Number of protein chains: 2
Amino acid sequence: MTTAQERFAEQELPYNVFSKACPSRGTLEHVTGRWGALTLGALYEGSFRFNELRRRVDGVSEKMLSQTLHALERDGLVHREAQPTNPPRVDYELTPLGREVTERLMSLIQFVEGRMDDVLAARERYDSARAPR
Amino acid sequence: MTTAQERFAEQELPYNVFSKACPSRGTLEHVTGRWGALTLGALYEGSFRFNELRRRVDGVSEKMLSQTLHALERDGLVHREAQPTNPPRVDYELTPLGREVTERLMSLIQFVEGRMDDVLAARERYDSARAPR
DNA sequence: CCGTATCCCATCCGATACTG
DNA sequence: CAGTATCGGATGGGATACGG
């Protein structure tokens, strides 16, 4: 049994996200995509039902949340727990792998949030430098 | 002088990426977007010229690289150094803030790359569970 | 070499309606 | 409650051509 990395190495392709053909690029996009990052971040706080998640991720539509959760579940980052009751109850939570990913994602998110004043100041400098009149 | 966070607090809005109105959501999308993440990752290795970057970020078009670099420069994460020579020479590099952001981004990227076999295995389980025939 | 401008298509995504 | 189905507009993004 060889790993995916080893199979790529045989073709002399770099096995990393900078290579168009590497599957990690797709997974990274699920994780960092517009709704993927926010969904993982919300689930970092605990286990939630579908509509609870919708309220936590401000602005996400039913369609996109559903799509996002499916992609993350398929990648093994989110676990879906459906109870066959009526009305149905479904809970979503991070898998151990998903939690490790999200720890690193949250480090990034919180850093960006904390430095927004720097970013906003940079924008003003940039804009005023090229639209003086 | 108040910070952006304080102004949001006055409106009793959470100042974080989960709130639709918070500007940090837009910046996070620049950082984690399809080409933003890869461009920052490439610049983490050093200073590069436009076409050097294009080769490092496999698959990016001129248009998207240009657009991505502008957004990151505007947010104060990338510095553009143009030398008025002929032919022109332009170098891009991370700012100190950009470097701090990218450190956290690279932690995420490298973790995902290293766990791709787990992700791929999860996908096979997911797919075979719902398309048996 | 370092881009910008234009065209055009694919996909993303929100709104709405409907099902179990 | 927890979704799926469908539609149409907005956006993303590649190809090409052109300008400094």
Side-chain angles (χ1 to χ4, degrees), chain A residues 17-21 25-39 42-43 47-74 78-93 126 129-131, chain B residues 17-21 25-39 42-43 47-74 78-93 126 129-131:
Chain A
V17 90
F18 298 102
S19 170
K20 193 163 52 174
R25 186 180 283 195
T27 297
L28 184 69
E29 282 169 19
H30 295 160
V31 170
T32 62
R34 182 168 179 196
W35 301 120
L38 299 178
T39 301
L43 286 171
S47 170
F48 295 103
R49 303 172 66 173
F50 188 84
N51 283 303
E52 286 177 331
L53 275 175
R54 261 200 88 188
R55 281 186 290 277
R56 285 185 167 249
V57 180
D58 187 21
V60 70
S61 66
E62 287 188 356
K63 175 182 162 182
M64 291 316 297
L65 181 57
S66 172
Q67 221 171 83
T68 300
L69 284 169
H70 280 307
L72 295 175
E73 187 193 356
R74 190 167 102 99
V78 164
H79 175 68
R80 179 179 189 275
E81 183 90 21
Q83 291 167 34
T85 59
N86 195 314
R89 178 186 177 101
V90 182
D91 288 274
Y92 294 92
E93 61 187 348
Y126 183 95
R130 63 208 71 208
Chain B
V17 88
F18 298 103
S19 170
K20 194 163 50 173
R25 186 180 282 194
T27 297
L28 185 68
E29 282 168 18
H30 296 159
V31 170
T32 63
R34 181 167 181 197
W35 301 120
L38 299 179
T39 300
L43 286 172
S47 170
F48 295 104
R49 305 173 65 175
F50 188 84
N51 283 305
E52 287 177 331
L53 274 176
R54 261 200 89 188
R55 282 186 290 276
R56 285 185 168 251
V57 181
D58 187 21
V60 70
S61 67
E62 286 189 356
K63 174 182 161 181
M64 291 316 298
L65 181 57
S66 173
Q67 218 171 84
T68 300
L69 284 168
H70 278 308
L72 295 175
E73 188 192 356
R74 191 167 102 97
V78 164
H79 175 68
R80 179 179 189 275
E81 183 89 21
Q83 290 168 34
T85 58
N86 195 314
R89 177 187 177 100
V90 183
D91 289 274
Y92 294 92
E93 62 187 348
Y126 182 96
R130 64 208 69 209

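Per chain, numbering begins at 1; letters A, B, ... match sequence-line order. Heavy-atom basis, side chains included; hydrogens, waters and symmetry copies ignored. Just so we're clear, the structure is a prediction, and the values are computed from it rather than from any experiment.
One finds no side-chain N or O of A:Arg34 lying less than 4.0 angstrom from the OP1 or OP2 phosphate oxygen of C:dC12. For the pair B:Asn86 and C:dC1, the criterion of a side-chain N or O lying under 4.0 Å from OP1 or OP2 is not met. Taking side-chain N and O atoms only, A:Ser66 has a distance below 4.0 Å to OP1 or OP2 of D:dT4. B:His70 has a side-chain polar atom (N or O) that falls below the 4.0 Å cut-off from OP1 or OP2 of C:dT4.
When each of B:Arg74, B:Gln67, B:Glu73 is tested with B:His70 by the rule side-chain contact (heavy atoms from CB on, under 4.5 Å), just one qualifies, namely B:Glu73.
The distance from atom CZ of A:Arg89 to atom C1' of C:dG20 is 19 Å, rounded to the nearest whole Å. As rounded to whole Å, 12 Å separates atom P of D:dG3 from atom CZ of B:Arg130. If you measure from atom CD of A:Gln67 to atom C1' of C:dC13, you get 8 Å, rounded to the nearest angstrom. Distance B:Leu65 CG to C:dC1 C1': 14 Å, rounded to the nearest Å. Distance NZ (A:Lys63) to P (D:dG8): 13 Å, rounded to an integer number of Å. Between B:Leu69 atom CG and C:dG3 atom C1' the separation is 11 Å, expressed in whole Å.
Atom CD in B:Glu29 sits 7.5 Å away from atom CG in A:Leu38 (nearest 0.5 Å).
Between A:Arg49 and A:Asp91, the shortest heavy-atom contact is CG-OD1, 3.4 Å. The minimum heavy-atom distance linking B:Glu52 with B:Ser47 is given by the pair OE1-O, 4.4 Å.
Taking the side chain of B:Met64 as heavy atoms from C-beta on, and the options D:dA2, D:dA17, D:dG14, the nearest nucleotide is D:dG14. Nearest nucleotide to the side chain of A:Asn51, out of D:dG13, D:dT6, D:dC1: D:dC1. Closest to the side chain of A:Phe50, out of C:dG3, D:dG3, D:dG14, is D:dG3. Of all nucleotides listed (C:dC1, D:dG3, D:dG13), C:dC1 comes nearest to the side chain of B:Pro88. Listed nucleotides: D:dC7, C:dC2, D:dG14. Nearest to the side chain of B:Arg80: C:dC2. Residue A:Glu62 places its side chain closer to C:dA17 than to any other of C:dA17, D:dG20, D:dC1. Looking at the side chain of B:Tyr92, the nearest of the listed nucleotides D:dG3, C:dG3, D:dG14 is C:dG3.
Below 30°, between 30° and 60°, or above 60°: for A:Tyr92 and A:Phe50 the angle between ring planes is between 30° and 60°, a tilted geometry.
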